[in-house]
Amino acid sequence: MKQVLLLDPSPIFRDFVKDKLASVKISVDFVQGRRDQFSKVLSILPDLIIIDVEQDFSSVVEFLEKKRQNPNTVSLPVIVVGPSVESVKVINLIRLGVLKYFARPFMMDLFIKTLSVFLTTSIEMDTTPCIIEAHKNKNIIVVEIAQGLNLDKIALLKFHIADLIVNHGISTPKILVIMSQLNLGFVDGIALEKFFDSIIYAPRVTKKEVKVLTTDPFVKPFIEGHSEYAGIQVEDNIISLLNSFVESAVSHSLSELIEIKLLHVDKNTQPCSSDLIFNFEIEKRKQEITQ
């Protein structure tokens, strides 16, 4: 079995890569902290090393120099994911043996395609147009989805919600799901199941604290027809949902209670947020704007 080693990955990036590569039977291991990185590389001699760096490149340079000097590791391919930096830093990394540098936010489909090349394994990406945004507003996690259901973005959403809950120390998460510009039917059933599973299986989430705002006629009967989603409330009126979250909601303006970004998406809207950006969406958006 082929092996990929992640060095200092963020939790969301780590879990997404592990799940994605597990689907094509590629083993993924990871190391946090610089102390054990090189010994781990020597012990498994992975087919690919992916380094996730925040700001400090000194430890990355030190690791790469040590790797280049060892005959057992010098030929191992390396990809680095990091912040947008001046070209001289990237050139220096390439001189030390880095084959590809991805600056955040990067095109996730190009990243996966690069993994396919280095691992000589076909790894498919879902190309369904989709916008997903998840953010914390007051004590509510708002998940907004528009245009379609993309399985890769839904997979990343699962880890993003968990990250928001853990990092903000939310003991009893309240989740407001806003679904817009969707035209769903029975063919979308599996993707819709994965979407709601990504939400209810996040840590500390109870189904009675998940509320869905949508005008799509398929969603409510879909939820009611699945016993595992019992307790999730579906409405087409935001006041009703906010009142179910907080008794005083009606006495405040909506802008004070919640930030809603995707209900009115136009051509100039960013196609998606965070690190999960897909190149095919960017190209499609450029074509729409120039038409």
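Basis for what follows: all heavy atoms, side chains included, without hydrogens, waters or symmetry-related copies.
Counting only residues at least two apart or on different chains, the side-chain hydrogen bond (donor to acceptor under 3.5 Å, both in side chains) pairs with a member in residues 162-173 are D163-N167. For residues 38-48, the side-chain hydrogen bond (donor to acceptor under 3.5 Å, both in side chains) pairs, not counting sequence neighbours, are D29-K40. Under the ring-ring contact (aromatic ring centres under 6.0 Å, His included) criterion, the residue pairs touching residues 169-191 are F186-F218, with sequence neighbours excluded.
Side-chain atoms of I199 and I232, non-hydrogen and from C-beta on, never get closer than 4.5 Å to each other. Residues I154 and L149 are in side-chain contact: their nearest non-hydrogen atoms beyond the backbone lie under 4.5 Å apart. At least one side-chain heavy atom of M179 sits under 4.5 Å from a side-chain heavy atom of L192. Under the 4.5 Å side-chain criterion, counting only non-hydrogen atoms from C-beta, Q37 is not in contact with I51. The side-chain heavy atoms of F195 and V143, taken from C-beta on, include a pair separated by under 4.5 Å. In this structure the side chain of D8 reaches within 4.5 angstrom of the side chain of Q32, judged on heavy atoms. The shortest side-chain heavy-atom distance between F222 and L184 does not fall under the 4.5 Å cut-off.
A donor-acceptor contact under 3.5 angstrom links the side chains of K2 and T120, judged on distance only. Side chains of D216 and T214: no donor on one and acceptor on the other come within 3.5 Å.
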Legend entry - side chain to side chain contact (heavy atoms under 4.5 Å, CB included) between I141 and I170, worked out: CA-CA 10 Å; I141 293 176; I170 305 173; 4.0 Å; yes
Inset, instruction - Applying side chain to side chain contact (heavy atoms under 4.5 Å, CB included), run through L151 and T128 and close with a yes or a no. - result: CA-CA 8 Å; L151 293 177; T128 304; over 6 Å; no
Inset, instruction - Evaluate side chain to side chain contact (heavy atoms under 4.5 Å, CB included) for S10 paired with D52, printing each intermediate quantity in order. - result: CA-CA 7 Å; S10 66; D52 191 357; 3.7 Å; yes
Inset, instruction - Test side chain to side chain contact (heavy atoms under 4.5 Å, CB included) on V24 and S122 and set out the steps. - result: CA-CA 8 Å; V24 290; S122 177; over 6 Å; no
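Going from atom CZ of F30 over to atom CZ of R14 covers 4.5 Å, rounded to the nearest 0.5 Å. Atom CD1 in I132 sits 11.0 Å away from atom CD in E144 (nearest 0.5 Å). A distance of 8.5 Å separates CG of D15 from CD1 of I12, quoted to the nearest 0.5 Å. Between the NZ atom in K67 and the CG atom in L42 there is a gap of 11.0 Å [rounded to 0.5 Å]. Atom CG of N150 is separated from atom CD1 of I131 by 11.5 Å, given to the nearest 0.5 angstrom. The distance from atom CD1 of I123 to atom CD1 of I26, rounded to the nearest 0.5 Å, is 5.0 Å.
For S116 (side chain) and T121 (main-chain N/O), a donor-acceptor pair under 3.5 Å exists by modelled atom type. Here the side chain of K207 pairs a donor or acceptor atom with the backbone of E228 at under 3.5 angstrom.
Under the rule for a side-chain hydrogen bond (donor to acceptor under 3.5 Å, both in side chains), the partners of K20 that lie at least two apart in sequence or sit in another chain are D152. For Y229, the ring-ring contact (aromatic ring centres under 6.0 Å, His included) test picks out F196, H226, with sequence neighbours left out.
Taking every heavy atom of both residues into account, P173 and R204 meet most closely at CD-O, 3.1 Å. Considering all non-hydrogen atoms of both residues, L157 and A134 come closest at CD1-CB, 3.9 Å. The shortest heavy-atom contact between Q3 and I44 is OE1-O, 3.6 Å. What you find for P203 and V166 is that their closest heavy atoms are CG-CG2, 4.3 Å. In plain terms, the two heavy atoms of N137 and V142 that are nearest each other are CB-CG2, 4.2 Å. The heavy-atom pair separating A202 from I165 by the smallest distance is CB-CD1, 4.0 Å.
Linking ILVMFWY side-chain heavy atoms closer than 4.5 Å, directly or via other members, places L110 and V80 in two distinct hydrophobic clusters. Taken together through direct or relayed side-chain contacts under 4.5 Å among Ile, Leu, Val, Met, Phe, Trp and Tyr, V210 and L182 form part of one hydrophobic cluster. Follow the hydrophobic side-chain contacts under 4.5 Å out from V17 and you never reach L5; the two are in separate clusters. In this structure, V205 is a member of the same hydrophobic cluster as I145, with clusters built from ILVMFWY side-chain heavy atoms closer than 4.5 Å. Placement of I79 and V53 in two distinct hydrophobic clusters is found when ILVMFWY residues are connected by side-chain heavy-atom separations under 4.5 Å, directly or transitively.
When the options I50, V78, L48 are evaluated for a side-chain contact (heavy atoms from CB on, under 4.5 Å) with F118, the one that passes is L48.
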Considering only distance and modelled atom types, tabulate donor-acceptor pairs under 3.5 Å from the side chains of residues 92-103, sequence neighbours left out.
| from | atom 1 | to | atom 2 | distance (Å) |
| --- | --- | --- | --- | --- |
| Y101 | OH | P83 | O | 2.7 |

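Heavy-atom neighbours of I190 CD1 from other residues, nucleotides or ligands within 6.0 Å: at or below the threshold of 12.
In summary, the aromatic rings of F111 and F16 are positioned with their centroids too far apart to meet the 6.0 Å limit.
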